[in-house]
Amino acid sequence: MTVRFVRPAALMLISVLFLSFSQLPALGDEGMFLPDTITQLPIKKLNQRGLKIPFTDIYNPNGVSIKDAVVIVGGGTGEFVSPEGLLLTNHHVAFDALVNASDQTKDYATKGYIARNRAEELPATGYTVSITQEIKNVTSEVLNGITDTPGPERTAALQAKIRAVQGAAARPADGITAQVAQLNEGLTYYLFTYLVLRDVRIAYAPPKAIGFFGGDPDNFEWPRHCGDFTFMRAYVSPDGKPATYATTNVPFKPKKFLPLSMGGIKDGEFMMVMGYPGSTRRYRESYSVAYNQDVAIPFAVDIFRKQIEALENAGKNDSALRMKLQSNIFDIANTLKNEEGSILAMRRADIVGQKRIQEAVFTRWLESDPARKSKYGEILPSLSRAYQELNATAARDLLVPQLLQASDLLSIAFSAQGIAVAKERPGAGSDPAMAAAIARARDRAIAAVADRNLSVERELLTYVLAKAAELPAGQKIEAIEKRFGSLQGDARRRAEEDFARSIVDSKKFSTAETVGGLFDLSSAQLRELREPFVDFSGELAPLLAQQQTRAQAFNAIVGRWRPLMMQGMSEMRAATGSATVPYPDANRTLRFTYGEVKGYVPHDAAIYLPFTTLTGVVEKDTGREPFDVPEKLKQLFRTRDFGPYATADGATVPVDFLSTTDIIGGNSGSPIMNGRGEQVGIIFDGNYEGLGNDFFYNDAKGRAIAVDIRYVLFLTDKFGGAGYILKELDIRNATATLRRAA
């Protein structure tokens, strides 16, 4: 059994994977469309709304199009904006690179970075740029000869087919990777190939006081006043092939780069976005929504809150550590606010109730025809029973993985015990795959030890031990109850703290050498160590195995019935004449969405306009993080030194704007374009009232937030002094003044 090591500073929640089950009619501007399906969209209506270019300019499988300019970078999206490999993305997407390059003498994460020439561009350690090459429907190729009967044999055969398709499409020597993505519950399979560039550098990043202005208080909120952007550049070897960082590398020459528009935008104007949205779950059945809303997400919220508290405590008296941890804290805080808002949004919109109404309509449709009832009638009852079983042990099943991951030593011990068991199987000693697995596990363990934070581990482990005491009767964890079950209140709390300390502060296993040596031991030798972290992980292992067995059984059930649900719902919509252009749930593949610039009504007696300006930035200034406006920016505002980037009346500079374009996490850094395909901004957030958009699209209140491209150019030129970058860009509707400034 293999275990993925997870840093306690970014504790991941192990949960059951639930997939979409049907395609419902798109409402308003809802839809994250696969590029090869956009020709099915109502072109006349889009033209009337403001689309000025043909669909082939957006996606052309036989030529160059906007698709070739939009890339995956880091954990988000980016877009090429020059013929010299220069790309734009969000400050928060590039933030890890700034943190990784910083030390006590160079705090790029806080102060930003500017390269005065290409030789000074800062290597973005760990970053790659992936450019979609081919998008191909390979459903028939994958499913040909695959039986419809669910089971391990079908799964193995399907995986073999997928590996074969990917293997035939990949060209590692040329930097081409391949991924077969399952869509629509496995009814559809798509092949995506990518050119992966491995030398990425930072050209200009504004300081944190601009790139993350407003911090967590403003995160997901409107009005926003954030300059969330960074210029990066992709490099290749002199022969044009992908290569790791080298001073001899040269800028990548993209097939397509986006022009930027200084022409401004107006309320109601047509907008479109291309990017790589991460994950949506909009077609899940009511049982799944209820489970997430009432069980899984609230549990995650509790864990994320404690993570942030532990990380902040660890960095209170250590400025260097605080600098190192700030990226993790931001990531977790962002996720926490998203999850909290999603729960609230789903309850306010009664998504569970809406799903139940849809399912009641579906049931009535089945009841009206014996053949349909015979084919589809067991779907909802079977799913209902599966969720009843899931909920029966959910509290414990969610907690056990967190116990094992709260401390690096527990995770390492769990992995070492799994390796020990595997080594004892017949023939394991001569198996090269086993040797490789041991080496990988050892390397991960050594890397984990090098980056441990003992105070964070102690605090997190103590917390999850305390949560175990709250488990309902029948779900208690014996390994914990035998240690603390007879204790109450402060006595139990102190005992839990002492136990956590005994695990985390092991003196014998605190170095790379001693921890790496765990993977050389047999199961019996591990037991003979009598180490608390080894013993405790061994006691939890059977519980995790039981949880995984239940998860596999659950997935087998939903994997059998959800494809039928999708077929049945599609058949019903077609029969009732309600079919619309479908779009599958997001899965980190390239998507197209459209909408318009538009404000919204957040609550009673309030109206939010769709634009913010530099005036609002200065109005928010408190002189303290996260509302600490840099003095130079305030000086530019006081003197009205806006250059050609000002609003039409010359009174201020546009900063952020809203649109109805349908986006989700992963779209960060996506270009938002006008109807001519010119970039007018960069997507960086969604609004709080629109959270829950992984489960549903809120046409009335859901909005995408983008930084105006004019603010990007203003900051780069007037504030950052990096106006030389503008010489590379194709800036349209620009004045002669702008050209001279560049």
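We're numbering straight along the sequence, starting at 1.
Looking only at distances, no side-chain donor or acceptor of Thr128 sits under 3.5 Å from a matching main-chain atom of Leu197. Looking only at distances, no side-chain donor or acceptor of Thr280 sits under 3.5 Å from a matching main-chain atom of Arg282. Remark: side-chain polar atoms of Thr89 are not paired, donor with acceptor, to backbone N or O of Gly76 under 3.5 angstrom. Under the 3.5 Å distance criterion, the side-chain polar atoms of Asp431 are matched with a main-chain donor or acceptor of Ala433.
With 3.5 Å as the limit, one finds a donor-acceptor pair spanning the side chains of Asn338 and Ser342. Between the side chains of Ser407 and Glu457, at least one donor-acceptor pair of N or O atoms lies under 3.5 Å.
For Glu478, the CD atom sits in a loose shell: 12 or fewer heavy atoms of surrounding residues, nucleotides or ligands are nearer than 6.0 Å.
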What verdict does the side-chain hydrogen bond (donor to acceptor under 3.5 Å, both in side chains) test give for Ser537 and Gln417, after you've listed the backbone C-alpha separation in whole Å, the side-chain angles of each residue and the deciding distance to 0.1 Å? CA-CA 9 Å; Ser537 68; Gln417 289 166 331; 3.1 Å; yes
Stepwise side-chain hydrogen bond (donor to acceptor under 3.5 Å, both in side chains) test for Thr393 and Gln475: CA-CA 7 Å; Thr393 57; Gln475 294 193 54; 5.5 Å; no
Would Ser237 and Asn249 count as a side-chain hydrogen bond (donor to acceptor under 3.5 Å, both in side chains) here? Give the steps. CA-CA 5 Å; Ser237 65; Asn249 285 351; 5.4 Å; no
Check against side-chain hydrogen bond (donor to acceptor under 3.5 Å, both in side chains), Tyr276 and Ser130: CA-CA 11 Å; Tyr276 292 85; Ser130 298; over 6 Å; no
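Under a cutoff of 6.0 Å and an axis angle of 45°, Arg198 and Tyr245 do not form a cation-pi pair.
Here the closest heavy-atom approach between residue Val400 and residue Leu544 is recorded as CG1-N, 4.0 Å. Minimum interatomic distance between Leu122 and Leu98 (heavy atoms only, all atoms of both residues): CD2-CD2, 4.5 Å. Considering all non-hydrogen atoms of both residues, Ala428 and Lys423 come closest at CB-O, 3.5 Å.
Glu340 and Arg305 are joined by a salt bridge, as a carboxylate oxygen and a charged side-chain nitrogen come within less than 4.0 angstrom of each other. A salt bridge is absent between Asp535 and Arg530: the closest approach of a Lys/Arg side-chain nitrogen to an acidic carboxylate oxygen does not fall below 4.0 angstrom.
Asp505 meets the salt bridge (Lys or Arg N to Asp or Glu O under 4.0 Å) test with Arg458; sequence neighbours excluded. Partners of Lys306 by salt bridge (Lys or Arg N to Asp or Glu O under 4.0 Å), not counting sequence neighbours, listed by chain and number: Glu309, Glu459. In this structure, Arg494 has no salt bridge (Lys or Arg N to Asp or Glu O under 4.0 Å) partners at least two apart in sequence or on a different chain.
Between Ile72 and Leu590, every side-chain heavy-atom pair lies at or beyond the 4.5 Å cut-off.
Tyr463 OH to Gln402 CD: the interatomic distance, rounded to the nearest 0.5 Å, is 10.5 Å.
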